[in-house]
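Only one structure is covered here, and it is reproduced in the block below.
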Number of protein chains: 2
Amino acid sequence: MDKRSENIPNIIIRRLPIYYKHLKKLKNRAKEYISSEELAELTGFSSSLIRKDLSYFGNFGRKSYGYDIYCLLQELSIIMGFNHPKNLIIVGAGHLGQALVHNKGYEERGYKLKGVFDKNPKLIGLFLDDIKIRSVEEMCDFVKEEKIDIAALTVPKGVAQKTAELLIEAGVIGIWDFTEVALKVPNNILLEEQHINEGLCKLSCKINQNFN
Amino acid sequence: MDKRSENIPNIIIRRLPIYYKHLKKLKNRAKEYISSEELAELTGFSSSLIRKDLSYFGNFGRKSYGYDIYCLLQELSIIMGFNHPKNLIIVGAGHLGQALVHNKGYEERGYKLKGVFDKNPKLIGLFLDDIKIRSVEEMCDFVKEEKIDIAALTVPKGVAQKTAELLIEAGVIGIWDFTEVALKVPNNILLEEQHINEGLCKLSCKINQNFN
DNA sequence: TAGATTGTTAATCGATTAACAATC
DNA sequence: TAGATTGTTAATCGATTAACAATC
């Protein structure tokens, strides 16, 4: 079996989107190749680390040239599974949920936004772009019928755990959690926590250091 | 000078909000003390690591009892500088910017949301809760006059770098960046990147591993 | 006192970097 | 050929864990 499908160390996984982001900016440039040294300059990681990370997945580089930007983007895309189609729903159509409907990042990463759910009758039936807000009552059936893989969770804290359990029961394999609650999920379920306010904590912490 | 104000290792800073989050949930419980072992269970970090992290800042524990939950929360709050007041603006009143206006996490961490800015004339003058959307034309003066410390950046990618430069020029000391652009900022400026779609990358990556 | 749990040291583990042979 | 740059090994660095004396 290909190295790509084995258990990639988390520490490498975290850097892959960063390599990807920087390479994408270079895609339309005249230059075809990029050296690990140049990529190091862009990302802030050492060239040594970059070569090591990439060599984990295969020999993508060409000695004395560097890495073909287009090919490397393709490879990263495959490694991160962007070519594997995934169905997504958003649960909670409050301000954050609505903002997520308009996020432009889904398609490129292989996600298809299939639905948005809320329990507020005033919201149910409304359209956000071409996505209809549905009742949470329909959520579980929808997950089963539409083979939803991932649910973005933007519900109030109080119902976060219960909603997560319903979603898992219905068959989602991953939760993209925005609720700032420490969800308990079985360990075969993927949990990606997007704790927005942690950013504020870190900034506060660092401001405090600078001025004491 | 107090240890608290020295350069806290980043790896510790990252765990502080997590300790804080879990302790806050216990604040109103009958139990006064928590052991590192119990906190380990909640956070997933080892008790050894937790004791080591906390001892970096002082001796907050009490042998054979554990840590006083209330006191520890207070200490963490001080370490992270939540008692230090900070002024915040949001630049870009699109869907995400609007969602951030409604975020409930500011006050507790010492932030005061002072303003929201956009360049769209249709939005300028509107109110989101009690916050008026102002023109970006006013932004720089506002930053100076209101002594803004941090700007949340939710503008389109194309104007991200330029807007960041204006903000820094005007005097902000930190940028809370939601633009998914690799901003270049001087190294005395704090940059906290909230790259929302990286969560989707990681989820995609892990789904791909599981099913290959 | 016996049991519990901290704070800290030493041992271990894992991640990063330096260095360089291979080779384009 | 000389110069550039990869892929990989060994050395280093840093973070985590194990263990335990101190002590409540």
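Side chains are part of it too, since the values below use all heavy atoms of this structure and drop only hydrogens, waters and symmetry mates. Just so we're on the same page: letters track the sequence lines, and every chain starts at 1. A quick note: this is a predicted structure, and the numbers were derived from the prediction, not measured.
Along DNA chain C, the nucleotide closest to B:Tyr67 and the one closest to A:Leu49 are compared, and the more 5′ of them pairs with B:Tyr67. With DNA chain C read from its 5' end, the first of the two nearest nucleotides for B:Arg51 and A:Arg15 is the one closest to B:Arg51.
With rounding to the nearest 0.5 Å, the separation of CD1 in A:Ile148 from NZ in A:Lys112 is 10.0 Å.
A nucleotide of DNA chain C counts as in contact with chain B when one of its atoms lies under 4.0 Å from a heavy atom; the first and last such, 5' to 3', are C:dG3 to C:dT9.
Judged by a 6.0 Å distance limit and a 45° cone about the ring axis, B:Arg109 is not positioned over the six-membered ring of B:Tyr111.
Here B:Arg62 lies in heavy-atom contact (under 4.0 Å) with sugar-phosphate atoms only. Base engagement by A:Ser48 is indicated by at least one non-hydrogen atom pair under 4.0 Å involving a base atom. Contact annotation for A:Phe45: no contact, since no heavy-atom pair falls under 4.0 Å across all strands.
Classification of B:Asp149 and B:Lys86 as a salt-bridged pair fails, no side-chain N sitting under 4.0 Å from a carboxylate O. Taking 4.0 Å as the cut-off between side-chain N and carboxylate O, A:Glu38 and A:Lys31 count as a salt-bridged pair. A salt bridge links A:Glu108 with A:Lys24: the distance from a Lys NZ or Arg NE/NH1/NH2 to an Asp or Glu carboxylate oxygen falls below 4.0 Å.
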inquiry  = Both atom distances under 3.5 Å, Watson-Crick or G-U wobble: I'd like the secondary structure of DNA chain C as a dot-bracket string, with | for pairs made across strands.
reply    = ..||||||||||||||||||||||
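Between B:Val116 and B:Ile89, the closest side-chain pair of non-hydrogen atoms is not below 4.5 Å. Contact annotation: the side chain of B:Asp177 never approaches that of B:Gln194 to less than 4.5 Å [non-hydrogen atoms, C-beta and beyond]. Taking the side chain as every heavy atom from C-beta outward, A:Asn208 and A:Cys205 never approach each other to under 4.5 Å.
Heavy-atom distances under 4.0 Å link DNA chain D to A:Ser35, A:Ser36 of residues 33-41 of chain A, given in residue order.
Ring centroid separation for the pair B:Tyr33 and B:Tyr65 comes in under the 6.0 Å cut-off.
Under a 3.5 Å cut-off, the side chain of B:Thr154 and the backbone N or O of B:Gly92 do form a donor-acceptor pair.
Under the 3.5 Å distance criterion, with hydrogens and angles disregarded, a donor-acceptor pair is assigned to the side chains of B:Asp53 and B:Tyr19.
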